[in-house]
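Just so we're on the same page: letters track the sequence lines, and every chain starts at 1.
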Amino acid sequence: MYKYDSYDQEMVDARVEEFRDQARRRLEGSLSEDEFKPLRLMNGLYLQLHAYMLRVAIPYGTLNSEQMTALGDIADKYDRGYGHFTTRQNLQYNWIKLEDTADILADLAKVEMHAIQTSGNCIRNISSDHFAGAAHDELVDPRPYAELMRQWSSFHPEFTYLPRKFKICVIASEKDRAAMRLHDIGVQIVKNEAGELGARFYAGGGMGRTPMIAPMIRDFVPLDQLITYAEACLRVYNRYGRRDNKYKARIKILVHELGRDEYVRQVEEEFAHMLEQGVEPPREELERIKPFFADPAFEDGPKTLDRSDPDFALWVDRNTNRHKHDSYVSAVISLKPVGGIPGDATGDQMRLMARLAKQYSFDELRIMHTQNVVLPHVKISDLHALWTELEAAGLGSPNMDSIEDMIACPGLDYCALANARSIPLAQRISERFNASGKTEKLGELKLKISGCINACGHHHAGHIGILGVDKKGLENYQLSLGGSEAEDTSLAKITGPGFTEDGVIEAVDKVTDVYLAEREGEERFLDTYRRIGMAPFKEALYG
Amino acid sequence: MDNALGTSPDDVQFRFRDDEVADHAAVTVDACCDQTNATAVRIEPGDDARVLLPFLDRLALVEINFPSFGDGRGYSSARILREAGFTGELRAVGDVGVDQLSHMRRCGFDAFAPDKPLNEEDAARAFAMWENVYQRAVDGRRTIPQIRHGDRA
Ligand code: SF4
């Protein structure tokens with residue numbers, strides 16, 4: 001994986017010193033909270049319901065054992081012994097003191113990590129496929145391109161005060177595991193007819209209160225113009241994105257209001273101009289980055305395993321993904337134990353995952369947008385030993401992509417913007433479905449819960465989505481069906497009137513009953529919904 | 001009337017030019033396009049800097065106003081003017097804070113007239129903040145990728 005050189009390190013160190021100075025000015029009172037707010041936000045520091053929250057960037061979700069260990073140590077030293085992995089493949093600490101933040105950032109910088117641009121109206125941490133470099137179905141590893149864009153977008157002088165936050169995703173396979181088309185810009189690395197690699201751009205996707213699926217804006221950008229084209233997309237947005245209303249300020253609204261074609265026309269014009277400016281990094285830079293992501297030294301080994309332990313066999317079936325080398329798999333460590341808080345891990349668990357990565361996965365880990373952790377390269381012959389250790393640490397839940405593997409945002413337990421709690425709901429649903437054995441029958445079913453319209457829990461993209469709303473001061477939940485964040489992206493539709501907390505759990509039960517009664521063949525919940533439509537579900541809920 | 005619009009040379013706290021400070025006879029972008037003799041103009045966030053391109057030769061000063069520092073359109077305006085070859089004074093005025101200075105410099109601003117005068121020491125640190133930079137902008141600096149590959153800019 002990528003290693004900082006002295007220049008990368010110097011950028012991060014400079015930022016730590018800058019922030020130390022800003023925090024000092026705030027603590028001394030020469031910066032008001034109003035003045036300090038945008039500065040702390042640029043460093044990932046939010047003021048939440050009970051304390052400061054610090055969000056640490058994990059570029060394209062990739063990290064090594066040393067970094068994961070440091071994250072665990074910070075959780076113990078400065079927080080309450082745990083952290084929360086987010087749908088942006090980042091980590092959040094929920095109980096941080098302002099006085100400690102500069103020291104935390106310094107600890108992070110020692111292991112080539114930071115919290116830069118994890119909030120604020122700038123280009124955020126770039127996300128990618130969590131199986132990058134391991135998946136059997138990818139064209140190339142997307143991370144060198146993501147790294148090139150990471151450097152370009154770090155401290156970008158023109159795009160630090162955009163109308164609103166800006167999220168970029170880079171993938172390189174037809175299968176979309178990163179919700180690419182629900183990003184402000186989605187990039188898919190593709191091959192053209194001449195066999196050359198290039199970048200296909202999508203723009204204007206997003207969730208939030210006005211969910212939109214990004215249209216394609218350019219079929220093929222040559223790789224030596226990738227940054228230039230992105231720069232053109234951003235400049236048009238910076239100049240013309242709406243600033244009069246924060247809820248209409250994302251690029252999706254600009255693309256929608258201008259229309260895709262007009263946005264494309266403006267970008268192309270700016271792109272032609274930018275090409276003359278020579279903003280593209282030298283081509284050698286991409287070539288310099290690529291070897292950092294070269295395959296580790298895979299070895300041939302056994303390709304089958306002993307499935308006599310049914311618990312182990314179930315975990316293998318559920319939680320591993322086919323690898324490009326047939327003696328390996330990618331193993332998913334579920335952070336969704338039954339009744340647990342989705343995405344939370346303790347300091348001890350982080351250090352354990354770090355050690356397992358070192359032992360079994362060439363020192364590498366990935367964070368998934370579904371709030372789990374991946375060991376990308378595990379020998380099939382090591383799987384049983386790995387699983388045994390995970391089981392013992394409470395990290396062996398065999399539930400990837402099942403209803404228990406739900407996404408839930410922090411909600412009203414932490415978040416200052418929330419209307420309703422997400423975590424207790426997630427806990428109750430996983431307990432109920434696990435206890436009744438229904439999880440198993442339902443197979444792949446993506447449940448996503450957001451505590452408010454900001455949609456951090458991706459409820460629009462859930463096969464089943466739950467949105468917390470405020471109804472006359474009471475927590476209320478809207479149910480929606482039919483969303484997908486995969487290559488068949490779709491937005492979920494609301495079923496009808498909302499429910500209480502108990503009511504929405506019943507409602508989830510009822511819609512899954514409809515599916516079990518109606519499904520044909522190998523259909524997933526989503527497939528059945530798409531075939532039979534909303535009516536039978538509505539009938540069961542409200543009839 | 002229009003004379004009241006611009007900042008006075010006395011308001012300029014930081015300047016990175018040796019030529020004489022232009023007076024503050026700034027007019028609006030619309031007025032500048034209509035008037036053939038205006039030598040200083042003031043750009044508001046919603047103005048299209050590109051309409052000024054035909055007049056750059058006669059302009060000695062372009063002020064770009066930041067009514068609120070969080071509105072970043074002025075960064076694009078500045079860069080567009082420099083990309084088009086504007087060599088006159090580019091002055092950032094309004095809600096300009098210490099923490100914006102380094103990026104503004106990179107986008108081509110060479111004079112600063114903040115509403116609230118800034119602490120000189122903090123500002124000096126801010127201007128010197130980035131030893132190296134990742135992106136090409138309009139300050140002519142060699143970028144980190146260029147240095148890595150021995151490219152002389
Ligand atoms: S969806 Fe709302 S409640 Fe949940 S984390 Fe985002 S802002 Fe907070």
Side-chain angles (χ1 to χ4, degrees), chain A residues 5-8 10-11 13-15 17-18 21-22 25 30-31 35-39 42 120-122 148 150-163 227-228 231 234-241 243-244 270 273-274 276-289, chain B residues 45-50 53 66-80 82-84 95 97-109 116 118-119 121-122 125-126 128-139 141-151 153:
Chain A
D5 67 0
S6 60
Y7 297 105
D8 298 309
E10 164 195 300
M11 297 299 284
D13 290 345
R15 187 53 172 260
E17 285 320 303
E18 181 191 45
D21 183 54
Q22 289 163 345
R25 284 186 278 143
S30 72
L31 276 180
E35 290 168 322
F36 183 57
K37 185 177 170 192
L39 306 175
M42 296 281 175
N121 293 335
C122 51
L148 192 71
R150 180 193 74 81
Q151 295 185 25
W152 159 73
S153 61
S154 296
F155 318 109
H156 197 294
E158 186 177 339
F159 306 134
T160 296
Y161 299 98
L162 294 167
I227 296 301
T228 310
E231 185 117 352
L234 262 295
R235 177 175 283 178
V236 172
Y237 170 58
N238 189 44
R239 299 186 73 206
Y240 298 112
R243 292 177 189 260
D244 59 326
E270 198 67 64
H273 163 75
M274 286 285 182
E276 288 166 17
Q277 297 300 318
V279 298
E280 194 71 27
R283 184 63 197 256
E284 298 84 349
E285 181 57 12
L286 189 57
E287 299 310 316
R288 184 190 72 89
I289 293 170
Chain B
D47 291 332
D48 179 2
R50 288 206 162 103
L53 300 190
F66 291 85
S68 144
F69 75 87
D71 186 335
R73 285 177 284 186
Y75 294 83
S76 290
S77 299
R79 230 180 121 183
I80 283 169
R82 290 296 188 217
E83 284 167 358
D95 188 12
V98 165
D99 302 285
Q100 285 85 53
L101 296 176
S102 62
H103 285 345
M104 286 183 167
R105 268 306 266 148
R106 298 219 61 216
C107 288
F109 288 100
K116 270 201 288 181
L118 307 177
N119 178 303
E121 229 174 273
D122 290 344
R125 219 185 350 249
M129 154 119 206
W130 302 112
E131 178 99 20
N132 290 291
V133 294
Y134 281 123
Q135 319 76 0
R136 259 300 270 277
V138 286
D139 51 357
R141 296 176 70 175
R142 286 172 73 201
T143 65
I144 291 171
Q146 285 174 317
I147 297 170
R148 279 175 181 149
H149 302 289
D151 204 23

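The contact between A:Thr160 and chain B is made entirely by side chain atoms (from C-beta outward), counting heavy-atom distances below 4.5 Å. Contact of A:Glu270 with chain B is made through the side chain alone, with heavy-atom distances under 4.5 Å. Both the backbone and the side chain of A:Glu284 come within less than 4.5 Å of a heavy atom of chain B. Contact of A:Arg283 with chain B is not made at all, since no heavy-atom distance falls under 4.5 Å. There is no contact between A:Asn121 and chain B, counting heavy-atom distances below 4.5 Å.
Look at A:Glu17 and B:Arg125 and you find no salt bridge, because none of the NZ, NE, NH1 or NH2 atoms lies under 4.0 Å from a carboxylate O. Salt bridge B:Asp47/A:Arg239: absent, no basic N to carboxylate O contact under 4.0 Å.
Checked by atom type and distance alone, the side chain of B:Gln135 pairs as donor or acceptor with a backbone atom of A:Trp152 at under 3.5 Å. Judged by distance alone, the side chain of B:Asp99 and the main-chain N or O of A:Leu39 form no donor-acceptor pair under 3.5 Å.
When every heavy atom of B:Ser76 is checked against every heavy atom of A:Asn238, the shortest pair comes out as OG-ND2, 2.8 Å. A pairwise comparison of heavy atoms in B:Met129 and A:Ala14 identifies CE-O, 3.5 Å as the closest pair. Scanning all heavy atoms of the two residues, the minimum distance from A:His156 to B:Arg79 falls at CE1-NH1, 3.6 Å.
Remark: B:His149 NE2 to A:Arg288 CZ distance equals 5.5 Å, nearest 0.5 Å. A:Phe155 CZ to B:Asn132 CG: the interatomic distance, rounded to the nearest 0.5 Å, is 12.5 Å. Put simply, CD on A:Glu158 and OG on B:Ser77 are 9.0 Å apart, with the number rounded to the nearest 0.5 Å. Interatomic distance, CE of A:Met274 versus CZ of B:Arg136, reported as 11.5 Å (0.5 Å rounding). A distance of 4.0 Å separates CZ of B:Arg148 from CG of A:Asp5, quoted to the nearest 0.5 Å. Remark: B:Thr143 OG1 to A:Gln151 CD distance equals 10.0 Å, nearest 0.5 Å.
For the pair A:Glu285 and B:Ile144, the minimum side-chain heavy-atom distance is 4.5 Å or more. By the 4.5 Å heavy-atom criterion applied to side chains, B:Asn119 and A:Arg25 are not counted as neighbours. B:Arg73 places none of its side-chain heavy atoms less than 4.5 Å from the side chain of A:Tyr240.
For the set B:Val98, B:Asp139, B:Asp48, B:Val133, the entry with the most heavy-atom pairs within less than 4.5 Å of chain A is B:Asp48. Between chain B and the residues A:Gly120, A:Pro281, A:Ser154, the most heavy-atom pairs under 4.5 angstrom are made by A:Ser154. Note: A:Glu231 leads A:Glu231, A:Met42, A:Glu276, A:Glu280 in heavy-atom pairs under 4.5 Å with chain B.
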- Query: Checking side-chain contact (heavy atoms from CB on, under 4.5 Å) for the pair B:Tyr134/A:Asp8: CA distance, chi angles, key distance, verdict?
  - Reply: CA-CA 9 Å; B:Tyr134 281 123; A:Asp8 298 309; 2.6 Å; yes
- Item | Residues B:Tyr75, A:Tyr161; criterion side-chain contact (heavy atoms from CB on, under 4.5 Å); working and verdict | CA-CA 9 Å; B:Tyr75 294 83; A:Tyr161 299 98; 3.4 Å; yes
